[in-house]
Novice: 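First the structure, then my questions, so here it is.
Computed from a predicted model, the values in this text were never measured in an experiment.
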Amino acid sequence: MLAKTIKVRDLRSAIELLKTVPGQLIETNEPVDPHAELSGVYRHVGAGGTVMRPTRIGPAMVFTNVKEHEDARIVIGLLASRERVGLLLNSAPERLGFLLNEAVKRPVEPVTVSRDKAKCQEVVHYADKPGFDIRKLVPAPTNTEDDAGPYITMGMCYASDIETGESDITIHRLCLQGKDEISMYLVPGARHLGVFREKAEKMGRPLPISISIGVDPAIEIAACFEPPTTPLGFDELTIAGAIRNEAVELVQCLTIGEKAIANAEYVIEGELLPGVRVREDQNTNTGKAMPEFPGYTGPAVAELPVIKVKAVTHRVNPIMQTCIGPSEEHVNMAGIPTEASILQMVEKAMPGRLVNVYAHSSGGGKYMAILQFKKSQPSDEGRQRQAALLAFSAFSELKHIILVDEDVDPFDSNDVLWALNTRYQGDIDTVFIPGVRCHPLDPSQSPAYNPALKDNGISCKVIFDCTVPYHLKGHFQRAKFKDVDPGRFVPGLFKK
């Protein structure tokens, strides 16, 4: 297949690969406003996820005529299809969790290249020069007209512990607040960069941070791993290196003591300032931030840390990469590492029983997982629920787990609901685990929704056990159909 002849190492090679596969990429020269219009278009074309209907899973899209940014292009939805993620990572879509699980086990350390080899520094803009304005240099869109401001949604934030030098890369909600200021939202207690920032602030020191935009999709997926799979001090760039069997290349920044991804389209260099906070919607006063993965617009935060921008560097004719907050893109970036984490945890405890995992689209890749479990002997009964408990331990933001047998396709929601309707009784197959920390962006996990909850992000986790009791497996055999070659009768329809 032609697509396999292109080696993906950066955003541009990823786009070139998708051009070789029919139905995976659309380019348009139609003028588009990055303020709400661009996302409004893609909502219909390919957003999917938890976006309000009508929406669908469709091709990625490149806008080549962006208003007020004549030298830039914007790509959206690059990872908004599991099939497309499989293409870009050279894996079958249903095996992506296994691919990432193996990559975690054999990390490849990043390497630093000289500045003359760093494409991200082809063009340089220093913040102390007259006329500098990041809002004019970086075509960051808004998802909706109510957003607090333009957001960088696909920025790879890279920083290091100022004492140990250990580095980490994660993706955060970044709002352009002024010509050289960006606010940064960190989920409380959930990200390593938050630990680095808090340590630096207690010492009264700024934390150098680089934001790389438009990179190899392997980096974007790897950056979404979380503890316990990647504990504090684990650099997720090593996972991206393992996926590609080639080290990620970094380059020393020009104005701060930190590194950035050498072949990124854009790099923002800056410092997280100690003791400085800003109201997220100070420029719009909408009371809203941006649409988040659960499908709701998150409230603007009253006080957020501030990144003081020192420089912006980019490639010639750069490509801005963005996503819609609740889209299938978030499902894949957050969900596939979740699947890998669950596979790793359960396989260690009970080898060979967990067949597959799907972090379901309806939970944004975080709140719901379907576990496909195989019972091979009487003593396996009950272990499926142990697997669910391990999954909750592996990924604390999970809220609901549905357990299904090996004859149910976890990636087919209709098949999962069939199991729920024919292999589940609510009074005996439901396990409630109340009062457990989950995720603050779910509006139902708040004292306002349930006064019994003591804090935002506290939830009742639930296991829906839709597996057949082992001693009854013979009574729940699905109807068997004759194996035939459908291609004989409908040529071309079943080609992969």
Novice: Would you say the side-chain atoms of Ser183 and Glu280 include a donor-acceptor pair closer than 3.5 Å?
Specialist: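 There is no such pair (donor and acceptor under 3.5 Å, judged by atom type) between the side chains of Ser183 and Glu280.
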Novice: Under a 3.5 Å cutoff, is there a donor and acceptor pairing between the side chains of Arg95 and Asn101?
Specialist: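 The answer is no; no qualifying pair exists.
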Novice: Answer yes or no: is there an ion pair linking Arg315 with Asp10, defined by an N-O contact shorter than 4.0 Å?
Specialist: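 So Arg315 pairs with Asp10 through a salt bridge.
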Novice: In sequence, state the C-alpha distance, the side-chain angles, and the governing distance for Lys399 and Ser444, and then conclude on side chain to side chain donor-acceptor pair (under 3.5 Å).
Specialist: CA-CA 11 Å; Lys399 181 181 180 183; Ser444 74; 3.2 Å; yes
Novice: Taking all atoms of both residues into account, what is the closest heavy-atom pair of Gly49 and Arg53, and its distance?
Specialist: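 That closest heavy-atom pairing would be O-NH1, 2.9 Å.
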Novice: Show the nearest heavy-atom pair for residues Gly155 and Ile211, with the distance to one decimal.
Specialist: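 So the two residues come closest at CA-CG2, 3.7 Å.
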Novice: Consider side chain to side chain donor-acceptor pair (under 3.5 Å). Of Ser167, Ser210, Ser160, which one does Glu258 pass it with?
Specialist: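 Testing each of Ser167, Ser210, Ser160 against Glu258, the sole residue satisfying side chain to side chain donor-acceptor pair (under 3.5 Å) is Ser160.
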Novice: Before you tell me yes or no, could you show the steps for Arg197 and Glu201 under salt bridge (charged side-chain N to carboxylate O under 4.0 Å, His left out), namely the whole-Å CA-CA distance, both residues' side-chain angles and the distance that decides it to 0.1 Å?
Specialist: CA-CA 6 Å; Arg197 186 199 66 78; Glu201 184 168 70; 3.2 Å; yes
Novice: I'd like to know whether NZ of Lys259 has more than 12 heavy-atom contacts from other residues, nucleotides or ligands below 6.0 angstrom.
Specialist: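 At most 12 heavy atoms, drawn from other residues, nucleotides or ligands, come within 6.0 Å of this atom.
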Novice: Take Thr230 and His192 through the side chain to side chain donor-acceptor pair (under 3.5 Å) test and state the conclusion after the steps.
Specialist: CA-CA 10 Å; Thr230 54; His192 296 166; 5.4 Å; no
Novice: Donor-acceptor pair, Thr55 side chain versus Met52 backbone, under 3.5 Å?
Specialist: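 Between the backbone of Met52 and the side chain of Thr55 there is no qualifying donor-acceptor contact (under 3.5 Å).
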Novice: Pairing donors with acceptors under 3.5 angstrom, does anything connect the side chains of Asn356 and Glu94?
Specialist: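 Note: Asn356 and Glu94 side chains miss the donor-acceptor criterion.
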Novice: Can you check side chain to side chain donor-acceptor pair (under 3.5 Å) on Gln177 and Asn283, steps first, answer last?
Specialist: CA-CA 7 Å; Gln177 296 290 352; Asn283 296 312; 3.2 Å; yes
Novice: Within a 6.0 Å radius of atom CZ on Phe411, are there more than 12 heavy atoms belonging to other residues, nucleotides or ligands?
Specialist: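 For Phe411, atom CZ is crowded (more than 12 foreign heavy atoms under 6.0 Å).
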Novice: Is there a donor-acceptor contact under 3.5 Å linking the side chains of Thr284 and Asp281?
Specialist: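 Short answer, no.
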Novice: Closer than 3.5 angstrom, by distance alone: can the side chain of Lys461 be matched with the main-chain N or O of Ile401 as a donor-acceptor pair?
Specialist: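 No, Lys461 side chain to Ile401 backbone: no donor-acceptor pair under 3.5 Å.
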Novice: Quick one: do Lys366 and Glu397 make a salt bridge, cutoff under 4.0 Å?
Specialist: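 Between Glu397 and Lys366 there is a salt bridge, with a charged N closer than 4.0 Å to a carboxylate O.
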Novice: For a salt bridge (charged side-chain N to carboxylate O under 4.0 Å, His left out) check, start with the C-alpha distance between Lys136 and Glu68, then their side-chain angles and the critical distance, and finish with the verdict.
Specialist: CA-CA 8 Å; Lys136 296 178 180 178; Glu68 299 183 2; over 6 Å; no
Novice: Tell me whether Asn263 contacts the main-chain N or O of Arg9 through its side chain, where contact means a donor paired with an acceptor under 3.5 Å.
Specialist: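 Checked: pair present.
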Novice: Between Glu339 and Arg82, is there a side-chain N and carboxylate O pair less than 4.0 Å apart?
Specialist: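 Yes, this pair counts.
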Novice: Of all the heavy-atom pairs spanning Ala60 and Tyr42, show the shortest one and how long it is.
Specialist: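 Minimum heavy-atom contact is CA-OH, 3.9 Å.
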Novice: Step by step, would you call Asp235 with Thr238 a side chain to side chain donor-acceptor pair (under 3.5 Å)?
Specialist: CA-CA 6 Å; Asp235 187 346; Thr238 63; 5.9 Å; no
Novice: Mark yes or no for whether Glu269, through its side chain, and Thr255, through its backbone, hold a donor-acceptor pair below 3.5 Å.
Specialist: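 Flag set: sc Glu269 to bb Thr255 pair under 3.5 Å.
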Novice: Any chance the rings of His439 and Phe293 have centres within less than 6.0 Å?
Specialist: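 Ring-ring flag for His439/Phe293: true, centres closer than 6.0 Å.
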Novice: Are more than 12 heavy atoms, taken from residues, nucleotides or ligands other than Glu145, located less than 6.0 Å from that residue's CD atom?
Specialist: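 Result for CD/Glu145: open.
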Novice: Under a 4.0 Å N-O cut-off, is there an ion pair linking Lys117 with Glu249?
Specialist: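 Salt bridge absent between Lys117 and Glu249.
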Novice: Is any NZ, NE, NH1 or NH2 atom of the basic residue among Glu265 and Arg73 found under 4.0 Å from an Asp or Glu carboxylate oxygen of the other?
Specialist: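 No, Glu265 and Arg73 are not salt-bridged.
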Novice: If you measure from the Lys or Arg side-chain nitrogens to the Asp or Glu carboxylate oxygens, is any gap between Lys310 and Asp180 under 4.0 Å?
Specialist: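 No salt bridge links Lys310 with Asp180.
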Novice: Does the salt bridge (charged side-chain N to carboxylate O under 4.0 Å, His left out) test come out yes or no for Arg279 and Glu303, once each step is laid out?
Specialist: CA-CA 5 Å; Arg279 180 164 57 89; Glu303 294 185 347; over 6 Å; no
Novice: Charged N to carboxylate O under 4.0 angstrom, Arg12 versus Glu16?
Specialist: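 Not counted as a salt bridge, because no side-chain N and carboxylate O are separated by less than 4.0 Å.
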Novice: Ignoring hydrogens, what is the shortest heavy-atom contact between Tyr126 and Phe132? Give both atom names and the distance.
Specialist: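 The pair with the smallest heavy-atom distance is O-CD1, 3.4 Å.
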Novice: Evaluate the side-chain proximity of Arg437 to Asp455: yes if any heavy-atom separation is below 4.5 Å, no if none is.
Specialist: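 Asp455 vs Arg437: side chains touch.
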Novice: Would you find a donor on one side and an acceptor on the other, under 3.5 Å apart, between the side chain of Glu329 and the backbone of Leu79?
Specialist: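 It does hold such a pair.
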Novice: Looking at Arg84 and Gly58, would you say the former's side chain and the latter's main chain have a donor-acceptor pair under 3.5 Å?
Specialist: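 Yes.
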Novice: Which atoms form the tightest heavy-atom contact between Arg277 and Val306, and what is the distance?
Specialist: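 The pair with the smallest heavy-atom distance is C-CG2, 4.1 Å.
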Novice: Identify the two heavy atoms, one from Ser212 and one from Ala260, that lie closest to each other, and give their separation to 0.1 Å.
Specialist: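 For Ser212 versus Ala260, the nearest heavy atoms are OG-CB, 3.7 Å.
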Novice: Do the side-chain N and O atoms of Thr313 and Lys119 include a donor-acceptor pair separated by under 3.5 angstrom?
Specialist: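 Thr313 vs Lys119: no donor-acceptor pair found between side chains.
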Novice: Any Lys/Arg nitrogen of Asp147 or Lys288 sitting under 4.0 Å from an Asp/Glu carboxylate oxygen of the other?
Specialist: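 The answer is no: the pair does not qualify as a salt bridge.
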Novice: Tell me whether the centres of the aromatic rings in His314 and His125 are closer together than 6.0 Å.
Specialist: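 They qualify: ring centres under 6.0 Å apart.
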Novice: Can you tell me if Glu328 and Ser361 form a side-chain donor-acceptor pair at under 3.5 Å?
Specialist: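 Yes, Ser361 and Glu328 have a side-chain donor paired with an acceptor closer than 3.5 Å.
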Novice: Would you please say whether a donor-acceptor pair under 3.5 Å links the side chains of Asp146 and Thr144?
Specialist: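 No pair is found: no donor N or O on one side chain lies under 3.5 Å from an acceptor on the other.
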